[in-house]
Amino acid sequence: MRRKIVAGNWKMHGSLQANAELLGALAAAPRAACEVVVCAPFPYLAQAQQRLAGSAVAWGAQDCSAHELGAYTGEVSVAMLGEFGCSHVIVGHSERRAYHGEADAVVAAKALRVLDAGMRPIVCVGETLQQRERDETEVVVGQQLDAVAHLLGARMSAVVLAYEPVWAIGTGRTATPAQAQQVHAFIRARLQHHGVEAETVPLLYGGSVKPDNAAELFAQPDIDGGLIGGASLKAADFLAIVSAA
Ligand code: PEP
């Protein structure tokens, strides 16, 4: 039985003052039945650690370097994230792939670094609208998945995967539960094909998840929770999504 996970991705939002309110509300909320994670911008990880330590809410980062350490100006290593108590790190978000040219091999290398540091990578995969319209969803998602599975081998079972159709991220246009379920079932079958114990791997859906559509999405047999962008910035919305899981 997989425990559901709801992870918030704050992206480049927040301020010390706004975060204090949001983190305070999350820390004070009743313990949820699912796992709850908040992925904050790097400068706010100390604040997340301070506010959430001792609560049922875990925290993590939105990216990391593929390198261990060294002359990589502006990058942040997994060891540094570990020092701030991160339990999860998002890798391969479509915004990193699109705006920072992150190729599948880099995403895979980052996922391995995260695992080696004792944290859990949340590996994002997903197709663009053009790719969906060309009926290439499974080819694209399959390639993104294969790159990570080949590098990680059996350790793939320790990963959290997030299916995030690019056309649904921040657009208000959610995949229908049936569309999302179809891709999640494909991902699970592909994991099985790689020899991974697929039934144990949490598969999150991400893309305009809101309090009013979360329950139906999370009720699908292969959807094990969500990666939440915009709606994770408001405590009431995020907690309503957590309740739906
Ligand atoms: C995301 O950025 O991972 C995401 C799913 O964003 P949103 O929920 O805003 O679509």
Side-chain angles (χ1 to χ4, degrees), residues 4-14 18-19 22 26 34-42 44-45 48 57-64 86-100 102 107 110-111 114 120-129 131-132 137 140-141 144-145 148 159-177 179-181 183-184 187 202-218 220 222-245:
K4 284 200 163 39
I5 303 174
V6 173
N9 172 16
W10 288 2
K11 310 196 191 201
M12 200 170 70
H13 293 289
N19 304 344
L22 178 52
L26 300 184
C34 66
E35 214 176 304
V36 182
V37 186
V38 166
C39 295
F42 294 136
Y44 298 135
L45 288 174
V57 180
W59 60 95
Q62 301 168 15
D63 185 34
C64 65
C86 291
S87 57
H88 293 72
V89 183
I90 298 172
V91 298
H93 191 283
S94 62
E95 288 152 13
R96 301 292 316 171
R97 293 179 189 263
Y99 308 143
H100 301 272
E102 283 191 12
V107 175
K110 289 184 176 192
V114 174
R120 212 165 179 197
I122 302 176
V123 179
C124 301
V125 297
E127 81 287 3
T128 63
L129 184 58
Q131 289 163 336
R132 173 162 281 263
T137 299
V140 172
V141 170
Q144 292 171 337
L145 195 66
V148 183
V159 160
V160 177
L161 281 163
Y163 168 58
E164 298 207 307
V166 179
W167 47 272
I169 295 180
T171 59
R173 185 178 163 189
T174 321
T176 64
Q179 279 175 324
Q181 166 57 28
V183 181
H184 280 234
I187 292 172
L203 306 184
L204 312 187
Y205 168 77
S208 297
V209 177
K210 305 282 179 232
D212 61 358
N213 60 23
E216 207 186 339
L217 285 159
F218 299 166
Q220 302 303 307
D222 287 298
I223 299 185
D224 306 314
L227 181 55
I228 318 298
S232 70
L233 298 169
K234 279 194 193 155
D237 287 359
F238 189 58
L239 290 171
I241 294 169
V242 166
S243 296

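Counting from 1, the numbers follow the sequence of the chain as shown. What you see is a predicted model, and the numbers here were worked out from it, not measured in a lab. Order of appearance sets the numbers: ligands from 1, and atoms from 1 within every ligand.
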Closest non-hydrogen contact found for T171 with W167 is OG1-O, 2.9 Å

Would you say E164 has any N or O atom under 3.5 Å from an N or O of ligand 1, going by distance alone? yes

List ligand 1 atoms under 4.0 Å from G207, heavy atoms only on the residue side. 5 (C), 10 (O)

Return the set of residues passing ring-ring contact (aromatic ring centres under 6.0 Å, His included) with Y163 (not counting sequence neighbours), or none when no residue passes. H184

Output the list of atoms in ligand 1 that are nearer than 4.0 Å to some heavy atom of K11, sorted by atom number. 1 (C), 2 (O), 6 (O)

Under 4.0 Å from any heavy atom of N9, which atoms of ligand 1 are there? 1 (C), 2 (O), 3 (O)

Heavy-atom contacts with A168 under 4.0 Å: which atoms of ligand 1 show up? List them by number with element. 10 (O)

Side-chain donor or acceptor of D222 paired with backbone N/O of Q181 under 3.5 Å: no

Which ligand 1 atoms are under 4.0 Å away from a heavy-atom of G230? 7 (P), 8 (O), 9 (O)

When rounded to the nearest 0.5 Å, the distance separating CD1 of I169 from NZ of K11 is 6.0 Å

Within the 4.0 Å heavy-atom shell around G170, which atoms of ligand 1 are there? 7 (P), 9 (O), 10 (O)

For the backbone of G126 and the side chain of Q144, can you confirm whether one donor and one acceptor N or O come within less than 3.5 Å of each other? yes

Using heavy atoms and a 4.0 Å limit, tell me yes or no: is A231 in contact with ligand 1? no

Nearest non-hydrogen partners of H93 and I90, listed with the distance: CB-CG2, 4.1 Å

Kindly state each residue pair satisfying side chain to side chain donor-acceptor pair (under 3.5 Å) with at least one member in residues 232-245, sequence neighbours excluded. none

Can you tell me if CD on Q179 sees more than 12 non-hydrogen neighbours from other groups inside 6.0 Å? yes

How does I169 reach ligand 1, by side chain, by backbone, by both or by neither, if only non-hydrogen atoms under 4.0 Å count? both

Just which atoms of ligand 1 are under 4.0 Å from any heavy atom in G229? 4 (C), 5 (C), 6 (O), 7 (P), 8 (O), 9 (O)

Protein contact to atom 1 (C) of ligand 1 [nearest heavy atom, distance to 0.1 Å]: H93 NE2, 3.2 Å

